[in-house]
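Nothing fancy with the numbering, it's 1 onward along the sequence.
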Amino acid sequence: MKYYLKFTLFIVVLLALWEVLVRLLNVDSYTLPAPSAIASAFVTAFTDYKDDLIPTVLLVLEGLGMSIVFGVMMAVILHLVPALEPFIYPLLVVSQNVPVIVIAPLLVIWFGFGLLPKLIVITLVCFFPVTVSLLEGFKSVDKDLKKYMLISGASRMQIFRKLEWPGSMPFLFNGLKIAGTYSVMGAIISEWLGSDKGLGKYMIIAQRAFQVDRVFVAIVWIVIFALIIFGVIRFLEKLTVRWKHD
């Protein structure tokens, strides 16, 4: 609890300093609005952006779900069929070095303006930490216990189900927390491709209209969504990996 109190105090001090400097230096609102102006727009402009919140939330959830499925699937395949790792793993690494903002327009050309290219963008942003973390978890199980199970006649799949998969859960949740926070950013980028609804679209419209305070309002909502997802994943981790928190 002390950690969160300290963080809250730090944010309050930071916002207060921001407010004071903007006023003292007479910074134009088109350049950098004060926190008070952003807070005012957060409330007064709600009717303008309220219809953009749900589409972004749904896109985040769908994209994150697809990322988790793909990330877990790749980790399991590479672990159970290690002969594939030298061929596939480098490709996964390469995929993280291709700027998403560059490949996103190509996805629109290939797959149109529907949901699929948006989900692919989020998956490209989010799946890698899930795959890497889970692979590390598989490789970090107790070697002595694994040898004991082999001596006892356990099959490869029994070892996977009863030892490697449960033992990798803390690693998986570490990857999920990273992917969860990235998923909101991925959704916003995907909405820049050509959505008619969503915070990404709202940000573009506000930016073109030089309504910088509303751009910051969208950023605030992005942060809120990311924190909620992180909190939910952390809560699920405590429920699933109880022995880690005992």
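Side chains of Ile222 and Met203 form a contact here, defined as non-hydrogen atoms less than 4.5 Å apart. Contact check for Ile189 versus Ile122: no side-chain heavy atoms found under the 4.5 Å cut-off. Asp213 is not listed as a side-chain neighbour of Ser29, based on a closest heavy-atom distance of 4.5 Å or more. Gln158 is not listed as a side-chain neighbour of Leu163, based on a closest heavy-atom distance of 4.5 Å or more. Phe7 is listed as a side-chain neighbour of Ile11, based on a closest heavy-atom distance under 4.5 Å. Gln96 places a side-chain heavy atom less than 4.5 Å from the side chain of Phe127.
Residues satisfying the side-chain hydrogen bond (donor to acceptor under 3.5 Å, both in side chains) test with Lys162, not counting sequence neighbours, are none. Taking Trp221 as the reference, Tyr49 meet the side-chain hydrogen bond (donor to acceptor under 3.5 Å, both in side chains) condition, with sequence neighbours excluded. Under the ring pair (Phe, Tyr, Trp, His ring centres under 6.0 Å) criterion, Trp165 pairs with no residue at all, not counting sequence neighbours.
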Using side-chain contact (heavy atoms from CB on, under 4.5 Å), reason through Leu134 and Phe171 one step at a time and then give a plain yes or no.
CA-CA 6 Å; Leu134 190 53; Phe171 293 84; 5.9 Å; no

Apply ring pair (Phe, Tyr, Trp, His ring centres under 6.0 Å) to the pair Trp192 and Tyr202, showing each step before the final yes or no.
CA-CA 9 Å; Trp192 290 345; Tyr202 179 78; over 10 Å; no

Could you go through the side-chain contact (heavy atoms from CB on, under 4.5 Å) check for Leu59 and Leu115 one step at a time?
CA-CA 9 Å; Leu59 183 59; Leu115 180 63; 3.7 Å; yes

Using the rule given for salt bridge (Lys or Arg N to Asp or Glu O under 4.0 Å), can you reason through Lys139 versus Glu85, listing the C-alpha separation, both sets of side-chain angles and the distance that settles it, and then say yes or no?
CA-CA 13 Å; Lys139 296 176 181 179; Glu85 186 168 345; 3.2 Å; yes

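Summarising the geometry of Ile224 relative to Phe42, their closest heavy-atom pair is CD1-CZ, 4.4 Å, with the distance given to 0.1 Å. Between Phe230 and Thr181, the shortest heavy-atom distance links the atoms CD1-CG2, 4.0 Å. Shown here for Met74 and Ile88, the closest heavy-atom pair between the two residues is CE-CG2, 3.4 Å. Taking all atoms of both residues into account, the shortest heavy-atom contact from Glu19 to Ser36 is OE2-OG, 2.8 Å. Across all their heavy atoms, Ala37 and Pro33 have their closest contact at CB-CB, 4.2 Å.
Using a 4.0 Å cut-off between charged nitrogen and carboxylate oxygen, Lys118 and Glu62 do not count as a salt-bridge pair. Under 4.0 Å is where a charged nitrogen must lie from a carboxylate oxygen, and between Glu191 and Lys197 no such pair does.
Of the possible donor and acceptor atoms, one in the side chain of Ser95 sits under 3.5 Å from a partner among the backbone N and O of Leu92. When atom types are taken as modelled, the side chain of Asp52 and the backbone of Leu199 share no donor-acceptor pair closer than 3.5 angstrom.
Heavy atoms from other residues, nucleotides or ligands lying under 6.0 Å from CZ of Arg208 number 12 at most. Annotation for Lys143: atom NZ counts as buried by contact number, over 12 foreign heavy atoms lying within 6.0 Å.
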